[in-house]
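Heads up, the thing below is written out as structure tokens.
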Amino acid sequence: MSDSQDDLEKLREEKMQELRERKQAQEGDSEAQEARQQEAEAQKKALLRQHLTDGARKRLNSVKMSKPEFGEQAEQQILALAQRGQIGGKIDEEKMKALLKELKPDEKSFNVRRR
């Protein structure tokens, strides 16, 4: 091989090594991010367990199954109330119903009149 081919091969190897290192760094970042997300999810579940009765938790899970975005919104609201210290005792099923009704946007009703 000539010197230029050797140099070219060396550059290719260096570039490949650099790409491998970048890929490993990105994988490490995504693993760390996933670990942080799992930790945050565990903390959220622990707070919900602490502030909700079994019935309220079941109701919230039912809402999350049927309307995931609305369920997330309700969870965030409960967590915000808990962090501000506005929850006295545990939220039971009746309080959960009231909270969900409060968060639910008013349904538009249409009156159809026939002539």
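The basis for the numbers below is simple: all heavy atoms, side chains too, and nothing from hydrogens, waters or symmetry mates.
The salt bridge (Lys or Arg N to Asp or Glu O under 4.0 Å) contacts involving residues 75-91 comprise Lys44-Glu75, Lys64-Glu75, where partners must be two or more places apart or lie in separate chains.
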Which pairs would a plain distance check flag for residues 10-19, meaning a side-chain donor or acceptor within less than 3.5 Å of a matching protein atom at least two apart in sequence or in another chain?
unit_1, atom_1, unit_2, atom_2, d
Gln17, OE1, Arg20, NH1, 2.9
Gln17, NE2, Glu21, OE2, 3.3
Glu18, OE2, Arg22, NH2, 2.9

Listed pairs under 3.5 Å, donor-acceptor, residues 51-58 side chains, sequence neighbours left out:
unit_1, atom_1, unit_2, atom_2, d
Thr53, OG1, Ala56, N, 3.4
Thr53, OG1, Ile91, O, 3.4
Asp54, OD1, Arg57, NH2, 2.6
Arg57, NH1, Leu52, O, 3.4

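To the nearest 0.5 Å, atom NZ of residue Lys97 and atom NZ of residue Lys104 are 12.5 Å apart.
With sequence neighbours excluded, the residues satisfying side-chain contact (heavy atoms from CB on, under 4.5 Å) with Gln33 are Arg36, Gln37. Listed by chain and number, the residues in a side-chain contact (heavy atoms from CB on, under 4.5 Å) with Lys45 are Glu41, Arg49 (sequence neighbours excluded). Contacts of Gln43 classified as side-chain contact (heavy atoms from CB on, under 4.5 Å), with partners at least two apart in sequence or in another chain: Glu39.
When all heavy atoms of Leu100 and Phe70 are compared, the pair lying nearest together is O-CZ, 3.5 Å.
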